[in-house]
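As the structure is a computational prediction, the values presented were derived from the model and not from experiment.
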Amino acid sequence: MSTKTIIQTLINTNLADSSTILASEHREVEIALLNELFPTEYRELHEQGLPDELEITTPELSNLFYDISFVKRGNTVYINGYVRNKTGAIFSGKVLNIDTTEYNTKTDRQYFASCSNGTNLEIQNSNILITEIANNEQAYFSLTYQTND
């Protein structure tokens, strides 16, 4: 995944005026554009290894399970999935933290999604939080948010 700035720098560097452009340099630019137009979906599952391109940390909640997919196209991220609470009590708080900066929300913006159980999911900068989920409850959600360019 690349940001607009990274792709623009790649174009300016590899396809510079008055230069002999190698096929490999041209391919590098085209591959960056293709990867942006047709992104890889990253799926984050509790207790599963993470893809190298998307780094996530979770609080020490061994009984809070989730299955969340992330797709980034341009500066728009589409996430959907579910959170399941097996903690033995009502849970409210941080589900996970997105450590990959280019997946963080636009500066100073919050995004909300209504979950299937009537609670809300909130994303602010790099934190994904849920307002409340009862024991043995599973909350499904779908949310689209913007990142910085």
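- Within the 3.5 Å criterion, the main-chain N or O of Asn104 finds no donor-acceptor partner in the side chain of Thr147.
- Contact record, Gln124 with Thr105: C-OG1, 3.9 Å, taken as the closest heavy-atom pair.
- The backbone N or O of Gly88 sits nowhere less than 3.5 Å from a side-chain atom of Lys86 that would complete a donor-acceptor pair.
- Scanning for side-chain contact (heavy atoms from CB on, under 4.5 Å) contacts around Ser24 gives Leu22, Arg27, with sequence neighbours left out.
- One distance of note links CD1 of Ile6 with CD of Gln8; it measures 12.0 Å at 0.5 Å rounding.
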Inset, instruction - Test Ile79 against Ile123 for side-chain contact (heavy atoms from CB on, under 4.5 Å), laying out the working first. - result: CA-CA 11 Å; Ile79 65 170; Ile123 298 181; 3.3 Å; yes
Legend entry - Intermediate values then yes/no, side-chain contact (heavy atoms from CB on, under 4.5 Å), Ser114 and Asn120: CA-CA 5 Å; Ser114 294; Asn120 288 318; 3.6 Å; yes
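- With rounding to the nearest 0.5 angstrom, the CG atom of Asn85 is 10.0 Å from the CD atom of Glu132.
- Scanning for side-chain contact (heavy atoms from CB on, under 4.5 Å) contacts around Thr144 gives Thr76, Tyr78, with sequence neighbours left out.
- Judged by distance alone, the side chain of Asn80 and the main-chain N or O of Ser142 form no donor-acceptor pair under 3.5 Å.
- In this structure, Tyr111 and Lys106 have side chains that are in contact, with non-hydrogen atoms separated by less than 4.5 Å.
- Between the OH atom in Tyr82 and the CG atom in Asp67 there is a gap of 5.0 Å [rounded to 0.5 Å].
- Judged by distance alone, the side chains of Asn14 and Glu28 do bring a donor and an acceptor atom under 3.5 Å apart.
- Of all the heavy atoms in Glu122 and Gln110, the pair that sits closest is OE2-NE2, 2.6 Å.
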Inset, instruction - Just do the side-chain contact (heavy atoms from CB on, under 4.5 Å) check on Glu137 and Arg84 with the steps written out, would you? - result: CA-CA 6 Å; Glu137 189 170 38; Arg84 184 175 58 222; over 6 Å; no
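- The CD atom of Glu25 lies 9.0 Å from the OG1 atom of Thr20; values are rounded to the nearest 0.5 Å.
- Checking side-chain atoms of Thr87 against main-chain N and O of Ala89 turns up a donor-acceptor pair under 3.5 Å.
- Side-chain contact check for Phe91 versus Asn135: every heavy-atom pair is 4.5 Å or farther apart.
- Checking Asn127 against Asn125 by side-chain atom types alone, no donor-acceptor pair falls below 3.5 Å.
- No side-chain donor-acceptor contact under 3.5 Å links Thr119 to the backbone of Cys115.
- Residues Leu10 and Ile21 share a hydrophobic cluster, clusters being chains of Ile/Leu/Val/Met/Phe/Trp/Tyr side chains in contact below 4.5 Å.
- Nearest heavy atoms, Asn117 versus Gln138: CB-O, 4.5 Å.
- In this structure, the side chain of Asn148 engages the main chain of Thr107 through a donor-acceptor pair within 3.5 Å.
- Listed here is the closest heavy atom pair of Ile133 and Val83: CD1-O, 3.3 Å.
- Residues Ile128 and Ile98 have side chains in contact (heavy-atom distance under 4.5 Å, counting atoms from C-beta outward).
- A donor-acceptor distance shorter than 3.5 angstrom exists from the side chain of Tyr145 to the backbone of Tyr103, with no hydrogens or angles considered.
- For the ring pair (Phe, Tyr, Trp, His ring centres under 6.0 Å) test, no residue two or more places apart in sequence or in another chain qualifies with Phe112.
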